[in-house]
Amino acid sequence: MLKPYSLFSFRKRILAVTIAISFIFCSLVVRLFVIQILNGKELQFRATDQWTRDLSIVAPRGDILDSTGSALAVSYTTYNVYVRAREVSSPTTLSTFLARSLGLDFDDIYKKVTKKGVSEVLIKMGIDADKAEEIYQQRFSGVYLAENVARYYPYGNLLTQVLGFTSIDNIGQSGIEAYYDQKLKGQDGFSYVQSDLQGKEIGGTLRYYIPATKGNDLTLTIDSKIQLVLEQTLEKIMVEQKAKNVTGMMIKPKTGEMVALSTKPSFDLNEVPRDDLETLFEQSKIKGVTDVYEPGSTFKILTVAAALEEGLTSFDDHFYCPGFRVVDGVRIKCWRTIGHGSQTLMEAFGNSCNCCFMDLALRLGKDKFYSYLEKFGLGQKTGITIAGEAKGILMDKSLVKNVDLARIGFGHAVAVTPIQLMTAVSSIINGGCKISPYFLQKECDASGNIVSQASSSLGQRIISENTSSLVNQLLEYAENKTGKYTFVEGYNVGGKTGTAQKYSESGGIAQGKYISSFVGTYPADNPEYLLLLMVDEPSAGAYYGSIVAAPYGKEVFTGMFEYLGEKKQDENVTIEYVVMPDLVNLSLFDAIEKLKEEGLAFEIDGDGEFITKQLPPVGTSLQKGSTVILIT
């Protein structure tokens, strides 16, 4: 029997239906909110990815310029060739053309243009504009060209290590290119086209183009003309001195600006030897920053500066050199085994007498000497703005004995990087304040607006201005012993040479292997430029810094003065030249007397009584006051 109709039950049904409809509606609203608001961007991106195909537009890297505005590294447009297999109408014809035009294998290309499981395949990267135009004019369906960027170095093998190079993907791999990669690289762009489910382009649809943004331009402190003078001299040293390698650098000691830096041998940055990793690694190293060496007599600049600052010596001081000192029972020889006799501080510095500098180091004592070495930055990184800097090697002070201290005084038993030595010497000759070396002068965006700019400021004072002036006088005397402005005729150039033995991997002295060096200043009384030349393992017969390195320092300064249009400090200076006499088979005493008559200085290699060999050979024209080698 049917129940009678109930208004109450009808209302319950209406309520239930209303609640159900409301729930469904709210669910739809919530779902729409999630799809459109919360997940909208992601879904839009996925949808766009499904109905479009894109090609990347590689951003040009920023240019690298020298301090005068000359381009050192620039970017230029190349093209990548892509094929979309689904759109290719005649794979055989296309493969034949591309193989011939691009110099590729037909079978490899054919496999790619018939491979329909992928949206597009790369055929070749980095073709030039003419080749790209040739391909474009064929109007092959399914062939696309995308802009790419390649790096070009206008000076080829100039600044090989400093500039560095990039990978095929435009990523900095070494040098400035790597250190400032984030500043140099730009923002890539894209080119979009609409396509169907199979990836074929839909004709008549919109194309989208997002341009690439070029990276920032960097202006370096490097002067390419001075760099060229330096590198030409380094190449000459490699040939004439038959060296393993040679490093040179120039810095402004008052600011820390790197003016020039190079190591030879090197390679052309436009022809990077990527298939020879050993050569690539070795010749990419900035040896002036990464490698340590025993500096020898150039280190005496630091020793004398500390002793003068502490009032432990003066220009009136006298030293006696019998050819050796005995320290802690160990006999340590001066380079001139017959001794220098009695000499003033200035004469001892000019003679590079080891005995004098052993005395100065011992006068300073371990604690004081080490406090100055730490102030000069030894055993620490200079903070130069390039990757790979080494710290150098400074013995643990607690382990240092007097015999070690004596050796450190003349530049042995200590290892520095060339940039470390240059920074220390700069801090001594610039008035006595610490500096930090750097390469980047300014950074500009693609519109030419300055993003950042270097500000040169001197750091803490290490020595007094008076001590700095005295050291500069010593450096001027050391390279101009025959008269004022005679090292480079008419110019006030100072300097100091150095010679040090190398050590083998086992820790012992490597017999017959030396590093010869020269540090030069200009102008000597108030230096604006500081030069270092370091010749590793010269093998042409001589190895003393005065023979192997100093003459080439003269060439670098001469070339720099010509470029800068620098006027002589004294136009009346004239340099006399003499002919190297024949000294072979003479006694050491007679040979020395002959050299004195000719006005030539000398260095002795060996402990014998008779001359067995001389450098340079007989008949060579020499500047009066030049140093020659007597081998006994």
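Computed from a predicted model, the values in this text were never measured in an experiment. Note: hydrogens, waters and symmetry copies are ignored here, and every other heavy atom, side chains too, is used.
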Taking the side chain as C-beta and beyond, is there a heavy-atom pair between Lys594 and Leu586 under 4.5 Å?
yes
Atom pair CD (Glu231) and OG (Ser266), whose distance is rounded to the nearest 0.5 Å
6.0 Å
Residues, nucleotides or ligands: over 12 heavy atoms within 6.0 Å of Lys391 NZ:
no
Can Leu474 and Leu308 be said to form a side-chain contact (heavy atoms from CB on, under 4.5 Å), step by step?
CA-CA 12 Å; Leu474 292 172; Leu308 285 167; 4.3 Å; yes
Tell me, with the steps shown, if Asp590 and Ser587 meet side-chain hydrogen bond (donor to acceptor under 3.5 Å, both in side chains).
CA-CA 5 Å; Asp590 291 339; Ser587 68; 3.1 Å; yes
Looking only at non-hydrogen atoms, find the nearest pair between Met560 and Met250 and report the distance.
SD-SD, 3.4 Å
Backbone N/O of Gly498 and side chain of Thr298: donor-acceptor pair under 3.5 Å:
no
Separation between OH (Tyr485) and CD (Gln569), nearest 0.5 Å, reads 6.0 Å
Give, for atom CD of Gln473 and atom CE of Met346, the distance between the pair rounded to the nearest 0.5 Å.
5.5 Å
Could you check if a side-chain atom of Phe376 sits within less than 4.5 angstrom of a side-chain atom of Ile428, using non-hydrogen atoms only?
yes
Would a 4.5 Å heavy-atom cut-off, applied to side chains only, mark Ile176 and Leu159 as touching?
no
Expected output: side-chain Gln227 to main-chain Ile222 donor-acceptor under 3.5 Å
no
Shortest non-hydrogen pair, Gly296 vs His412, comes out as CA-CD2, 4.2 Å
Which atoms form the tightest heavy-atom contact between Ser517 and Pro295, and what is the distance?
OG-O, 3.9 Å
Could you tell me whether Tyr529 and Tyr491 have their ring centroids closer than 6.0 angstrom?
no
The test is ring-ring contact (aromatic ring centres under 6.0 Å, His included); show your working for His318 and Tyr320 and say whether it passes.
CA-CA 7 Å; His318 280 74; Tyr320 182 75; over 10 Å; no
Provide the closest heavy-atom pair for Asn430 versus Ser468 in the form atom of the first, atom of the second, distance.
N-OG, 3.9 Å
Any Lys/Arg nitrogen of Lys366 or Asp404 sitting under 4.0 Å from an Asp/Glu carboxylate oxygen of the other?
no
Verdict with reasoning, Ser398 to Asp396, per side-chain hydrogen bond (donor to acceptor under 3.5 Å, both in side chains):
CA-CA 5 Å; Ser398 64; Asp396 188 321; 2.8 Å; yes
Run the numbers on Ile592 and Lys596 for side-chain contact (heavy atoms from CB on, under 4.5 Å), then give the verdict.
CA-CA 6 Å; Ile592 291 173; Lys596 286 181 178 178; 3.7 Å; yes
Please assess Val246 against Leu533 for the test side-chain contact (heavy atoms from CB on, under 4.5 Å), listing each intermediate value before the final yes or no.
CA-CA 7 Å; Val246 56; Leu533 294 179; 5.6 Å; no
For Ser427 and Thr423, indicate whether the former's side chain and the latter's backbone hold a donor-acceptor pair under 3.5 Å.
yes
All heavy atoms of Thr497 vs all of Ser297, minimum pair found to be O-CB, 3.2 Å
If you count heavy atoms of other groups shown closer than 6.0 angstrom to NZ of Lys513, is the number above 12?
no
Side chains of Thr382 and Ser436 in contact at under 4.5 Å (non-hydrogen atoms):
no
Looking at Glu571 and Lys567, is any side-chain nitrogen of the basic one under 4.0 Å from a carboxylate oxygen of the acidic one?
no
Phe487 and Phe557: aromatic ring centres closer than 6.0 Å?
no
Check this for me: does any side-chain nitrogen of one of Glu528 and Lys254 sit under 4.0 Å from a carboxylate oxygen of the other?
yes
Taking side chain as C-beta onward, heavy atoms only, is Leu220 less than 4.5 Å from Gln441?
no
Let me know which of Asn354, Val414, Asn402, Val330 forms a side-chain contact (heavy atoms from CB on, under 4.5 Å) with Arg407.
Val330
Without swapping roles, check the side chain of Glu235 against the backbone of Lys264 for a donor-acceptor pair under 3.5 Å.
no
Within-4.5 Å side-chain heavy-atom neighbours: Ile226 and Tyr563:
yes
Hey, does the side chain of Thr417 reach the backbone of Thr290 with a donor-acceptor pair shorter than 3.5 angstrom?
no
Donor-acceptor pair, distance only, cut-off 3.5 Å: does the side chain of Thr467 make one with the backbone of Ala305?
no
Taking the cut-offs as 6.0 angstrom to the six-membered ring centre and 45 degrees off its axis, would you call Lys300 and Phe349 a cation-pi pair?
no
Ser352 backbone acceptor or donor facing Arg336 side chain under 3.5 Å:
no
Residue pair Thr68, Asp66: steps toward the side-chain hydrogen bond (donor to acceptor under 3.5 Å, both in side chains) verdict:
CA-CA 5 Å; Thr68 68; Asp66 82 340; 2.8 Å; yes
Can you tell me if CZ on Phe589 sees more than 12 non-hydrogen neighbours from other groups inside 6.0 Å?
no
On a heavy-atom basis, the closest approach of Val535 and Ala549 is CG2-CB, 4.4 Å
To the nearest 0.5 Å, what is the distance between CE on Met358 and CG on Leu360?
11.0 Å
Is there a side-chain contact between Tyr179 and Thr385, using heavy atoms and a 4.5 Å cut-off?
yes
Tyr293 and side-chain contact (heavy atoms from CB on, under 4.5 Å): which single residue from Asp536, Thr247, Leu421 fits?
Leu421
Main-chain N/O of Asn526 paired to Asn472 side chain as donor or acceptor, under 3.5 Å
no
If you round to the nearest 0.5 Å, how far is OG1 of Thr632 from CG of Leu588?
6.5 Å
Just do the side-chain contact (heavy atoms from CB on, under 4.5 Å) check on Glu294 and Ile515 with the steps written out, would you?
CA-CA 8 Å; Glu294 196 173 72; Ile515 291 180; over 6 Å; no
Atom pair CG (Leu345) and SG (Cys353), whose distance is rounded to the nearest 0.5 Å
10.5 Å
For Gln283, is there any backbone N or O sitting under 3.5 Å from a side-chain donor or acceptor partner on Gln161?
yes
Using modelled atom types and a 3.5 Å cut-off, is there a donor and acceptor pairing between side-chain atoms of Glu476 and backbone atoms of Ala524?
no
Is any side-chain heavy atom of Val425 closer than 4.5 Å to one of Leu532?
no
